[in-house]
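Below is one structure, written out as structure tokens, with a few remarks after it.
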Amino acid sequence: MSPNRTNDRTHFSPDQAVAVGVDIGATAIKGALVDLGGNLVESFHQPSPRTPAALRSFVHLILQQTKPQIRGIGIGCKGIIDTETSRVNSLPGDLHFLEGQLLADVIDPKGLPLYADNDARTALVAEVLWGAARGKRNAVLLTLGTGVGGAVLANGAILRGASGAAGHLGHMTLDVHGGLCICGNRGCLETRFSSRAIESDYLAHLYRAAPTKLSLGKAGEPPSTEAIFRAAAEGDESARCVVDRAFEYLSGAVVSVLHIFDPEVLIIGGNIAEAGPQLLNPIRDEAAYRTRILLGREIPIVFQNLVGYGGVAGAAGLVFLQQGLLEI
Ligand SMILES: [Zn+2]
């Protein structure tokens, strides 16, 4: 299977350093040749691999089709990645076949150096090098989607923690009496603000026969988060209740993050970010008010700049950072 290929840039100097960036997501794998300016020279994507061989052949196809000087391969992957060895220490879900494997062994980088890290971190690296956190030394990325991910840049370094698990912002406890989370804890942010949380809360309203304008899908599935946000804006009382409550939890989490990390900017990414001002404005107002005394300033809360291929660019950024071609 050949990956879909796009020429993203026509004016490219063959002498310029480039790196291969790869973003292994749950539904799609994306890759690109990325230059020092964060530009995608050529990009590739296909459905997520389901075997080690499929992952290897995707990366090799990119390597085969490239002529300029490649400095290395950077990989962003879901789960907990050991950055020293490229071992995937923990990865539940569809990409579970990678758990316990060394990405360097699976991919066989043909003598090129290979660096790997968690995908939220590579997305933050891209924002720090070329996007919303450019020139900053303290920044936080929060990705709001099916689950909630996070990454932290503290004093110019990506925070990894003792075992590589630092930055799991979706698993901060928001509700000490809350229900079980996928991670084993109770009342995590992800159980209160994520697509799954918002959709299951609306489902509960439907089940209780509360006034709702949306209904179950053909297979009995709850309305999508996007539809619930839209319904809330259009006056659906249940949707309003669900969204308002979810925002209260998210605001509380954002305030905690700002108090704990004192960043120069908080970046919001993920699918739910597509809600736009409906999401950002209430969070900005609430966070500004509640952090005014301890932090004494309004910290910018902005959307991710490099959407789509940000994780790919950031994975290549790992190569440039490791080799001293770029620095934070
Ligand atoms: Zn959790």
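Indexing begins at 1, ligand by ligand and atom by atom, following the structure's order.
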For residues 321-328, which side-chain N or O atoms pair as donor and acceptor with protein atoms under 3.5 Å away, sequence neighbours left out?
residue : atom : partner : partner atom : Å
Q323    : NE2  : R71     : O            : 2.9
Q323    : NE2  : Y115    : OH           : 3.4

Practice prompt. Would you mind listing every side-chain hydrogen bond (donor to acceptor under 3.5 Å, both in side chains) that reaches into residues 229-238, with sequence neighbours excluded?
Written response: Y202-D236
Worksheet, complete the sentence: Checked the Zn ion (ligand 1): protein N, O or S atoms closer than 2.8 Å come out as H171 ND1, C181 SG, C183 SG, C188 SG
Taking only distance into account, with no hydrogens and no angle test, what donor-acceptor pairs under 3.5 Å do side-chain atoms of residues 268-284 form with protein atoms, sequence neighbours excluded?
residue : atom : partner : partner atom : Å
Q278    : NE2  : F229    : O            : 3.1
R284    : NE   : I301    : O            : 3.0
R284    : NH2  : I301    : O            : 2.9

Item to complete: Say whether, by atom type as modelled, one donor and one acceptor occur between the side chain of H168 and the main chain of A151 under 3.5 angstrom.
Response: no
Discussion item. Donor-acceptor pair, distance only, cut-off 3.5 Å: does the side chain of T122 make one with the backbone of G314?
Written reply: no
Discussion item. If you define the side chain from C-beta out and look only at heavy atoms, does anything of L153 sit under 4.5 Å from L159?
Written reply: no
